Amino acid sequence: MAEPVKLIGAVGSPFTHRAEAALRLKGVPYELIHEDLDNKSELLLRLNPLNKTVPVLLHGDRAICESLVIVQYIDEAFDGPPLLPEEPYDRATTARFWAHFMEHKFSMPFWMALWLDGEPQKGFVREARENLALLEEHLQAQGKKFLAGDSVGYPDLAGSYIPLMLDMFKELSGTSLMGDDEYPAVRQWVKEYNSDEAVKSCLTNKEQLAAYFRVKKDKYKMMVKAMLKQQ
Amino acid sequence: MAAGDDLKLIGAWPSPFVTRVKLAPSFKGLSFENVEEDISNKSELLLSSNPVHKKVPVLLHHGKPICESVVIVQYIDAWADPGTGPSLLSSDPHERAVARFWAAYIDDKLVASWMQSFRGKTEEEKSEGTKQMFAAVETLEGALRECSKGEGYFGGESVGLVDVSLGSLLSWLKATEMMSGAKIFDPVKTPLLAAWVERFGELDGAKTALPDVDRVVEFAKMRQAQAAAAAAASEN
């Protein structure tokens with residue numbers, strides 16, 4: 001009998017989404033445990049004492065932390081459509097490389113551009129746009145629906161914060177990241193991601209998500225200003 | 001060692017990320033050609049192999065590029081003939097997840113805080129970096145206890161992904177100890193790690209791949225002098 005799978009996550013967390021979408025894509029049944037990040041549960045603090053963050057995957061009695069580590073675990077521990085290409089070179093170059101890009105190079109300027117104002121914001125918008133151009137180039141050169149093939153995979157999940165938040169970028173940040181006719185391949189990728197059946201089945205309602213971020217806006221603005229001072 | 005491995009590593013000897021990539025084939029018994037890059041004057045080969053980041057290390061396998069040290073190490077591990085040496089990652093998905101978690105922790109927390117302690121713009125920033133670095137080392141002591149299961153390495157009986165990730169930093173961490181006078185791997189506070197440092201350093205693969213500590217100290221002092229000169233120049 002299969003061991004139970006539980007996912008501890010929070011509404012609005014793009015990291016939780018990565019793990020949840022992976023479970024849906026693999027067809028793994030799971031129970032979602034909602035965590036209130038302002039009032040963290042005993043369970044979360046016990047399972048992830050180091051970082052105290054969501055998501056945490058519980059498979060039987062094994063806890064796995066860090067969203068991208070979780071996604072890779074889900075791919076390897078369960079049967080179902082592969083989230084990474086089989087061939088070692090493709091795994092390394094398209095899948096892992098672009099996942100790393102999404103996580104380490106793109107996410108920071110994107111997040112900073114979202115919450116900062118004035119001159120600092122402009123700098124990060126510029127950087128985010130440079131990254132968009134690189135992404136556009138890759139998508140056009142590859143000519144597939146998603147970042148590493150024709151189905152949603154590891155790098156798409158790593159970059160899923162973009163399809164999740166692009167629509168509300170202008171409202172939350174007060175500025176635009178891309179014009180309507182810019183980066184067509186990226187726009188198409190966003191559309192494909194949001195239309196995927198498995199992804200759709202676990203996407204938070206857009207209105208709920210936007211409402212969540214509106215409430216958190218001031219808090220995030222303060223956090224990024226503090227982060228900026230440290231650089 | 002297979003002839004036709006055709007592995008070429010574009011790197012720079014001071015970079016711990018380059019060292020990380022050198023460690024992997026060393027432990028797997030693979031040979032590779034080392035191409036030393038002048039970071040201040042990047043070659044066409046580097047720029048065309050890694051157009052997105054323009055950074056070392058880049059591994060060329062039969063001329064095809066693979067970038068990002070952690071990606072390269074996993075590639076080498078997955079591709080190399082199992083007969084050449086034990087796998088750096090367990091076949092058990094949960095153990096793999098634990099290894100990946102700690103490898104990410106080393107880069108996100110230890111490397112980041114160590115860099116801040118070195119390159120911080122103010123004394124306050126630097127000392128905050130140092131504080132966080134020591135906290136990260138203490139956490140890794142616990143990780144070693146958990147992962148090693150009484151054996152000598154994070155990978156258990158043999159070297160694994162986490163040993164390679166941490167091991168790649170050893171020359172720089174030892175250089176930092178020499179320059180600051182503070183012990184990072186204190187045998188009293190972090191006995192398992194202190195023993196691991198000795199053990200890892202004795203491995204043939206480590207001796208081949210890790211740069212000489214004195215050379216790193218010299219390089220670090222030169223870099224610090226350059227940074228100080230640049231700061232002084234910009235204030236005038």
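Every chain is numbered from 1 and lettered A, B, ... according to where its sequence line falls, protein lines coming before strand lines. Predicted model, so just to flag it, every value in this text is computed and none were measured.
- Note: B/W196 and B/F154 meet the aromatic proximity criterion, with ring centroids under 6.0 Å apart.
- Salt bridge present: A/E76 and B/R96 bring a charged side-chain N and a carboxylate O closer than 4.0 Å.
- A salt bridge links A/D117 with A/K221; the closest basic N to acidic carboxylate O contact falls under 4.0 Å.
- A salt bridge does not link A/K145 to A/D196: none of the charged side-chain nitrogens sits closer than 4.0 Å to a carboxylate oxygen.
- Heavy-atom pairs under 4.5 Å with chain B were tallied for A/Q72, A/H59, A/E130; the largest tally goes to A/Q72.
- In summary, A/R18 and A/E103 engage in a salt bridge, as defined by a charged side-chain N under 4.0 Å from a carboxylate O.
- Most heavy-atom pairs under 4.5 Å with chain A, from the set B/A78, B/G120, B/P65: that is B/P65.
- Neither the backbone nor the side chain of A/N131 comes within less than 4.5 Å of any heavy atom of chain B.
- Counting only heavy atoms from C-beta outward, the side chains of A/K105 and A/H100 never approach each other to under 4.5 Å.
- When heavy atoms are compared at a cutoff of 4.5 Å, A/R96 approaches chain B by way of both its backbone and its side chain.
- For A/W111 and A/Y161, the ring centers sit 6.0 Å or farther from each other.
- For A/A63, the part lying near chain B is the backbone, with the side chain staying farther off; criterion is any non-hydrogen pair under 4.5 Å.
- Looking at B/D108, only its side chain comes within 4.5 Å of chain A, counting heavy atoms on both sides.
- For A/L50, the part lying near chain B is the side chain, with the backbone staying farther off; criterion is any non-hydrogen pair under 4.5 Å.
- For a residue to count as touching a neighbouring chain, one of its non-hydrogen atoms must lie under 4.5 Å from one of that chain's; by this rule A/H138 does not touch chain B.
- For B/K64, the parts sitting under 4.5 Å from any heavy atom of chain A are the backbone and the side chain alike.
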